[in-house]
Amino acid sequence: MAASHPASAQDFNNVTKEYTFVSQTEARTETVRTHRRVLCDYQPAGLWVRRGERFTVDVTEFDPDYKLSTMIGFKPMWEKRNGTQENELREGSNTVTAANDGILSFIFVKRKGFDAEPTTVDVKVTGGKAIPLYVVGETEDADWENDVQNMDDTYVQLVSDRVLLTLPSRDYVKRPIEDVEAMFETIHKMLDLDDRLAGFDNSSPENMKTRNRINYLVDVYTPAPESNKYYAYTSEYFIGMKRDNFTALTEDLGTEWGYWHETGHTYQQRSWMFSAIVEVQVNMFSLYVQEKFGLPSKLNNREDSNARSSFEMARAYIADPNKNYMVINKAAYGEFFTKLVMFHQLKAAYGWDAFTRLQKYFRKQPLVYNPKETDTDKANKFVHAMCLITKNDLVPFFRKWGLNIDAATTQKIAAMKLPLPRTDPSTIFK
């Protein structure tokens, strides 16, 4: 049985094809603990295998409470046009035949429950061909440049303890990353801020930071016009990027709202995410990162000289007697940002910490997927929780935004005998 090791014990050597993988919590198990999107639990081998190729994987003894598998290809992408091949491995020698061309990865996870005491397994691969693999803190720049100059038309991968980037080689050579370590520092800074806002501070089991990575992955499978429907997208296991905009992550993340937004999707709590705020709730994280990066708020922006800012549209929205926060009507108010003003007003009144405590509060509750739970149920849970956290009766505030609360929730809040806010948050437009 392998002994427990810290995450620093990992070793990805795709030259000798020898690896030490540190275990992770299985992706769907981790999402129950964290109440967030499914992150990737696969780890890179930095190898490419071809269709029909038979390769061997020699595996040392490992804890039977853990599962080790190979993965060829990617998890299902937009419209699920790609295939994924997974094969469970045992101790000793294993032979795998690739059904399709693809990147080789390994999944080493605890079979049940949170992986509180990570263990390791040693793996050696015979077969496959190395692709450029940059490991933060280990890969020398000269070796990386040499690998890139001599690579085939496949992919490059770059990995840290928190992030995995997977980019087509033909696109990478057109826009290579000038300073890889600096790029990862910026991505990690964004993730540290998101963790802080979400309350992942290692203070209790449910608030432990995840060791599963975020995989930023270029989707080469989705053709136009389908790919024209998105800037990027957040799916289970990865964030899908486009070949013509991955540089917004690798070069421009210090100012690029789009990838703050997509990364924020991985933190969303579905227990209070009703349909009308899927693209609104997420931007709490975008606003927070923008502020902490020292940039002015997007809510002040005007698209052109005649347009109104989100704050100005929010004034009109609140004054509209026919408003309904539960309905998506983008044409009327550019509402994804207009409705974000409601969250900004709560932040202005109570500070960012209110949202941190909100997310910690929901992580204390069991994450139960109830198919009978409606959007109204989720909205009621959100309103009730915000009143609990702020110790104010916010029912009048939410009603001004057209967020109607049912009678049972209204009575439950009334029974708490909370005072109204000293300042009505709905009057804050700056």
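Below, each value reflects all heavy atoms present in this structure, side chains not excepted, and no hydrogens, waters or symmetry copies.
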Notebook entry, point to check: Is there a donor-acceptor contact under 3.5 Å linking the side chains of Gln365 and His35?
Noted result: no
Check: If you measure from CG on Leu39 to CG on Leu164, what distance do you get to the nearest 0.5 Å?
Finding: 12.0 Å
Next item on the list: May I ask you to check whether over 12 heavy atoms, not counting those of Lys80, lie within 6.0 Å of atom NZ?
Entry: no
Check: Do the two ring centres, one from His344 and one from Phe311, sit under 6.0 Å apart?
Finding: yes
Item checked: Test item: Met241 and Leu167 side chains (from C-beta on) under 4.5 Å apart, heavy atoms -> yes
Next item on the list: State whether a side-chain donor-acceptor pair under 3.5 Å links Gln359 with Gln269.
Entry: no
Notebook entry, point to check: Would you say the side chains of Asp122 and Thr20 form a donor-acceptor pair under 3.5 Å?
Noted result: yes
Next item on the list: Check step by step if side-chain contact (heavy atoms from CB on, under 4.5 Å) holds for Phe274 and Tyr325.
Entry: CA-CA 10 Å; Phe274 48 97; Tyr325 202 92; 4.1 Å; yes
Margin query: If you take the centroid of each ring, where Trp contributes its six-membered ring, are Phe246 and Tyr216 closer together than 6.0 Å?
Written below: no
Check: Counting distance only, does the side-chain N/O of Asp406 pair as donor-acceptor with the main-chain N or O of Thr409 below 3.5 Å?
Finding: yes
Check: Between atom OH of Tyr134 and atom CD of Glu145, what is the distance when rounded to the nearest 0.5 Å?
Finding: 10.0 Å
Checklist line | Glu185-His188 side chain donor-acceptor pair, cut-off 3.5 Å | finding: no
Margin query: Is it the case that the side chain of Lys323 and the backbone of Asp320 share a donor-acceptor pair, with hydrogens and angles ignored and the cut-off at 3.5 Å?
Written below: yes
Item checked: Flag side-chain contact, heavy atom, 4.5 Å: Trp257 against Asn283 -> yes
Checklist line | Distance flag, aromatic centroids of Phe382 and Phe398, threshold under 6.0 Å | finding: yes
Notebook entry, point to check: Which heavy atom of His265 sits nearest a heavy atom of Val278, and at what distance?
Noted result: CE1-O, 3.5 Å
Note to self: Quick check: Tyr230 with Tyr233 (ring centres under 6.0 Å apart)?
What the structure shows: yes
Notebook entry, point to check: Would Gln85 and Asn87 count as a side-chain hydrogen bond (donor to acceptor under 3.5 Å, both in side chains) if you check the C-alpha gap in whole Å, the side-chain angles of each, and the deciding distance to 0.1 Å?
Noted result: CA-CA 7 Å; Gln85 177 184 345; Asn87 296 86; 3.0 Å; yes
Note to self: If we count only N and O atoms by modelled type, under 3.5 Å, do the side chains of Glu30 and Thr210 hold a donor and an acceptor together?
What the structure shows: yes
Item checked: Minimum-distance pair of heavy atoms, taken over all atoms of Ser227 and Thr222 -> CB-O, 3.5 Å
Note to self: Other residues, nucleotides and ligands only: do more than 12 of their heavy atoms fall within 6.0 Å of CZ on Arg111?
What the structure shows: yes
Note to self: For a quick test of reading the model, state the closest non-hydrogen atom pair linking Arg308 to Arg302 and the distance between them.
What the structure shows: C-CG, 4.1 Å
Check: From Phe114 CZ over to Thr34 OG1, what is the distance, rounded to the nearest 0.5 angstrom?
Finding: 10.0 Å
Next item on the list: Classify the side-chain pair Thr154/Asp152 by whether it contains a donor and acceptor separated by less than 3.5 Å.
Entry: no
Note to self: For Asp115, is there an ion pair with Arg33 - N to carboxylate O distance below 4.0 angstrom?
What the structure shows: no
Margin query: Given 3.5 Å as the limit, does a donor-acceptor pair link the side chain of Asn14 with the main chain of Ile131, or not?
Written below: yes
Item checked: Residues Asn212 and Asp41: side-chain donor-acceptor under 3.5 angstrom -> no
Notebook entry, point to check: Donor-acceptor pair, Lys124 side chain versus Val57 backbone, under 3.5 Å?
Noted result: no
Check: Are Leu158 and Ile177 close enough that some pair of their side-chain heavy atoms sits under 4.5 Å apart?
Finding: yes
Next item on the list: Could you check whether the rings of Phe74 and Tyr221 sit parallel, tilted or perpendicular, using 30° and 60° as the cut-offs?
Entry: perpendicular
Check: Are the aromatic ring centres of Tyr42 and Phe21 under 6.0 angstrom apart?
Finding: no
Notebook entry, point to check: Gln24 side chain to Arg211 main-chain N or O, any donor-acceptor pair under 3.5 Å?
Noted result: yes
Margin query: Can you confirm whether or not the ring centre of Phe355 sits under 6.0 Å from the ring centre of Phe285?
Written below: no
Check: For residues Thr16 and Glu18, is any side-chain donor paired with an opposing acceptor at under 3.5 Å?
Finding: yes
Next item on the list: Would you check, one step at a time, whether the test side-chain hydrogen bond (donor to acceptor under 3.5 Å, both in side chains) holds for Asp377 with Thr374?
Entry: CA-CA 5 Å; Asp377 295 331; Thr374 66; 3.2 Å; yes
Check: Are the side chain of Thr390 and the backbone of Met386 linked by a donor-acceptor contact shorter than 3.5 Å?
Finding: yes
Item checked: Minimum heavy-atom distance Leu403-Met326, with the two atoms named -> CD1-SD, 3.4 Å
Notebook entry, point to check: Looking only at heavy atoms, which two atoms of Lys298 and Gln290 are closest? And how far apart?
Noted result: N-OE1, 2.9 Å
Note to self: If I take atom CD from residue Glu279 and atom CE from residue Met273, how far apart are they, to the nearest 0.5 angstrom?
What the structure shows: 9.0 Å
Margin query: Looking at every non-hydrogen atom in both residues, tell me the closest pair between Leu295 and Thr255 and how far apart they are.
Written below: CD1-CA, 4.1 Å
Notebook entry, point to check: Should we count CZ of Arg175 as having more than 12 external heavy atoms under 6.0 Å?
Noted result: no
Check: Do Val109 and Tyr66 touch side chain to side chain, with heavy atoms closer than 4.5 Å?
Finding: no
Item checked: Salt bridge flag under 4.0 Å for residues Arg243 and Asp171 -> yes
Next item on the list: Classify the side-chain pair Ser204/Asn207 by whether it contains a donor and acceptor separated by less than 3.5 Å.
Entry: yes
Check: Are the charged groups of Arg81 and Asp219 less than 4.0 angstrom apart, N to O?
Finding: no
Margin query: Quick one about Ser275 and Asp375 (side-chain donor to acceptor, distance below 3.5 Å, no hydrogens or angles considered), yes or no?
Written below: yes
Notebook entry, point to check: With no hydrogens and no angle check, do the side chains of Glu88 and Asn94 hold a donor and an acceptor under 3.5 Å apart?
Noted result: no
Check: Do Trp352 and Tyr288 have ring centres separated by under 6.0 Å?
Finding: yes
Checklist line | Side-chain heavy atoms of Ile214 within contact of Phe238, under 4.5 Å | finding: no
Notebook entry, point to check: Does Lys17 reach the main-chain N or O of Leu47 with its side chain, forming a donor-acceptor pair under 3.5 Å?
Noted result: no
Checklist line | Exercise: do Thr356 and Asp353 side chains pair donor with acceptor under 3.5 Å | finding: no
Notebook entry, point to check: Which distance, rounded to the nearest 0.5 Å, do you find between the CG of Asp194 and the NZ of Lys209?
Noted result: 11.5 Å
Check: Is any side-chain heavy atom of Tyr231 less than 4.5 Å from a side-chain heavy atom of His261?
Finding: no
Next item on the list: Could you tell me whether a side-chain N or O of Thr266 sits under 3.5 Å from a main-chain N or O of Glu262, the two making a donor and an acceptor?
Entry: no
